[in-house]
Amino acid sequence: MSTMVSEHGKWPAKNDPIFMIAGKAAQAKEKYGEDKVINSTLGALMEDDGSLVAFDSVYSTLKALNNADIAAYAPIQGTKEFLEAAEENCFGQYKPDAHIRAVATPGGTGGVKQAVWNYTNPGDSILTTNWYWSPYKTITEEIDRGVETFDIFDKNGKYNIEGLKEKSKKLLKEQKRLLLILNTPAHNPTGYSVADEEWDEILDFFKGMSEDKENKISILVDAAYIEFAGEKDERKKFFKKFTNLPENLFIIVAFSASKSHTMYGLRSGAVIGVSSSEEVAEEFYYACLHTARANWSNGTRGAMTTVAKLTNNDKLRSQYEEEKSKYKKLLRKRAEAFVEEAEKINLEILPYRDGFFISIPCESPQKISEKLMEENIFVIPLQKGLRFAVCAVSEEKCKIAPEKIKKALNK
Ligand SMILES: Cc1ncc(COP(=O)(O)O)c(C=O)c1O
């Protein structure tokens with residue numbers, strides 16, 4: 001067979017498994033009807049009937065923009081109003097006292113790419129939890145970087161800070177630099193949110209490691225689900241802890257408007273660098289500007305203007321907040337229904353705090369997922385278990401799903 005692609009462009013010929021299973025779920029819905037199918041595949045907020053939630057406040061604002069405002073290029077770094085709005089949305093009232101610079105990205109994915117490309121060297125490995133969002137691997141392997149992991153929970157089901165420390169030390173010894181990716185709050189796929197005291201312990205540890213001035217330590221906080229975590233802004237408190245960190249301990253935050261503004265397809269977000277050193281923040285800004293130009297140029301102007309308007313106009317902002325809060329409550333009710341039922345029937349799940357997903361650890365996830373498909377229940381098989389997207393399933397179905405999953409596991 002003739003082959004044209006370069007060596008580094010050769011990857012196994014496979015389709016995205018999530019979209020494949022979602023396609024099967026859509027077929028089942030067509031054949032058997034919506035009420036007979038549980039489609040918990042996609043990480044997008046759905047109404048109870050399975051249709052996509054798209055905030056009215058967002059889309060009426062977008063559609064009211066004049067054509068030129070949508071059609072024009074945005075500056076490569078993003079519009080000033082958008083970048084300010086991104087910081088405000090992301091940090092809420094807990095903006096760290098630090099030098100902060102931001103550059104627009106196409107969603108949170110762009111932020112991950114920026115961090116991996118600019119804060120690791122070829123051949124390095126990034127560090128993250130053993131349950132993780134698979135594009136971290138796609139992004140790193142494409143540019144000759146690896147992924148090392150630590151077990152997210154210890155034997156007692158607690159966040160495994162000892163494992164984080166151990167692996168960080170190892171990588172710092174080998175590489176003298178570290179990029180740690182923590183998807184928190186509302187981790188995909190477990191729904192875990194790192195607690196404020198856990199953040200204290202993590203930051204104390206890295207402050208210690210940064211006493212060796214040769215160590216270059218960066219932590220990427222992937223905050224894709226932050227708007228659907230906790231009550232009001234309580235899950236944003238940890239951002240304040242990024243004040244006064246050592247110069248060689250750098251924080252990068254990947255802000256995404258995909259979930260927070262139901263703007264998945266509009267590809268908008270920002271990568272935000274936080275440092276006690278102006279030089280480090282400035283260097284970050286120009287590195288990201290170059291990467292943006294080299295990869296996607298600029299972001300989507302209409303999306304940027306919409307986010308800025310929803311942040312700066314009081315009336316629009318309160319409409320948006322109201323809508324978001326309504327769906328945040330809906331999500332919490334669904335998750336509570338699933339967790340309560342799982343507890344009642346002794347279905348083991350990983351510790352859930354917030355967000356779109358709940359994970360069920362198990363052997364042979366692929367087989368279990370296939371078994372469940374026979375019963376029109378569509379869940380995503382991961383390496384170490386199943387991912388159930390409560391964001392996409394009605395409360396009523398969230399209540400009945402645990403038992404069906406447990407039955408499939410017992411078989
Ligand atoms: C863990 C995690 N990080 C980041 C993202 C970013 O997505 P997007 O690029 O659509 O903003 C997602 C989306 O599914 C995610 O699950």
Side-chain angles (χ1 to χ4, degrees), residues 16-19 21-22 40-46 52-55 58 78 82 85-86 89-90 102-117 126-140 142 147 149 152 179-194 219-229 235 252-272 288 291-292 295-296 298-300 303-304 306-307 331 350 352-359 379-380 382-383 387-392:
D16 187 295
I18 298 185
F19 285 97
I21 300 177
S40 86
T41 52
L42 291 185
L45 201 51
M46 308 286 186
L52 187 71
V53 173
F55 292 166
V58 169
F82 169 69
N89 278 273
C90 184
V103 171
T105 55
T109 308
V112 176
K113 166 81 190 200
Q114 286 278 20
V116 173
W117 175 249
I126 61 130
L127 179 63
T128 193
T129 48
N130 60 339
W131 292 71
Y132 66 92
W133 187 49
S134 62
Y136 293 161
K137 181 154 190 288
T138 319
I139 291 167
T140 51
E142 167 133 314
V147 178
T149 62
I152 181 167
L179 175 65
L180 169 68
I181 304 185
L182 295 182
N183 171 213
T184 186
H187 177 244
N188 175 5
T190 64
Y192 192 74
S193 296
V194 175
I219 305 175
L220 171 66
V221 180
D222 177 353
Y225 298 91
I226 196 162
E227 292 306 325
F228 291 92
R235 294 282 197 265
I252 308 169
V253 183
F255 162 78
S256 164
S258 300
K259 332 275 163 181
S260 64
H261 290 73
T262 62
M263 272 189 174
Y264 314 90
L266 284 167
R267 313 305 306 139
S268 198
V271 65
I272 306 173
C288 291
T291 302
N295 286 274
W296 48 76
N298 18 35
T300 311
M304 290 185 200
T306 303
V307 171
L331 183 66
L350 293 179
Y352 174 88
R353 299 280 179 278
D354 303 286
F356 282 28
F357 308 104
I358 292 178
S359 286
V379 298
I380 299 299
L382 304 172
Q383 266 176 18
R387 187 187 82 172
F388 189 92
V390 282
C391 58

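Both ligands and their constituent atoms are indexed starting at 1 by order of listing. Values in this document were obtained by computation on a predicted structure and should not be read as measured data.
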Subject >> Non-hydrogen side-chain atoms of Cys391 and Leu331 separated by less than 4.5 Å >> reply: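 Yes, at least one pair of side-chain atoms sits under 4.5 Å.
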
Subject >> Sub-3.5 Å N/O-N/O distance, Tyr136 and ligand 1 >> reply: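 N/O-N/O distance under 3.5 Å: no.
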
**OP:** Using distance alone, determine whether Asp222 and ligand 1 share an N or O pair under 3.5 Å.
**Re:**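 Checking ligand 1 against Asp222, an N or O pair does fall under 3.5 Å apart.
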
**OP:** Establish, from distance only, whether the side-chain atoms of Thr184 and His187 form a donor-acceptor pair under 3.5 Å.
**Re:**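 Looking only at side-chain atoms, His187 and Thr184 do not form any donor-acceptor pair under 3.5 Å.
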
**OP:** Using the six-membered ring wherever Trp is involved, compare the ring planes of His261 and Phe255 and label them parallel, tilted or perpendicular (cut-offs 30° and 60°).
**Re:**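 Perpendicular: the ring planes of His261 and Phe255 meet at over 60°.
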
Subject >> Parallel, tilted or perpendicular, as decided by the 30° and 60° cut-offs, for the rings of Trp133 and Tyr136 >> reply: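 Rings of Tyr136 and Trp133: perpendicular, over 60°.
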
**OP:** Out of Gly269, Ser256, Ala254, indicate the one that has the non-hydrogen atom closest to atom 11 (O) of ligand 1.
**Re:**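 It is Ser256 whose heavy atom sits nearest to atom 11 (O) of ligand 1.
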
**OP:** Starting from atom 9 (O) of ligand 1, locate the nearest protein heavy atom and write down its residue, its atom name and how far away it is, to 0.1 Å.
**Re:**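 So the nearest neighbour among protein heavy atoms is Thr109 OG1, 2.5 Å.
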
Subject >> Protein heavy atom at shortest distance from atom 13 (C) of ligand 1 >> reply: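 Protein heavy atom with the smallest distance to atom 13 (C) of ligand 1: Lys259 NZ, 3.1 Å.
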
Original post:
For His187, is the nearest heavy atom under 4.0 Å from an atom of ligand 1?
Top reply: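 Distance cut 4.0 Å: His187 fails for ligand 1.
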
Original post:
Looking at Asn183, which atoms of ligand 1 are within less than 4.0 Å of one of its heavy atoms?
Top reply: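 Taking each heavy atom of Asn183 in turn, ligand 1 has 1 (C) under 4.0 Å.
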
Subject >> salt bridge (Lys or Arg N to Asp or Glu O under 4.0 Å) involving Arg235 - partner list, sequence neighbours excluded >> reply: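 Arg235: salt bridge (Lys or Arg N to Asp or Glu O under 4.0 Å) contacts with Asp354.
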
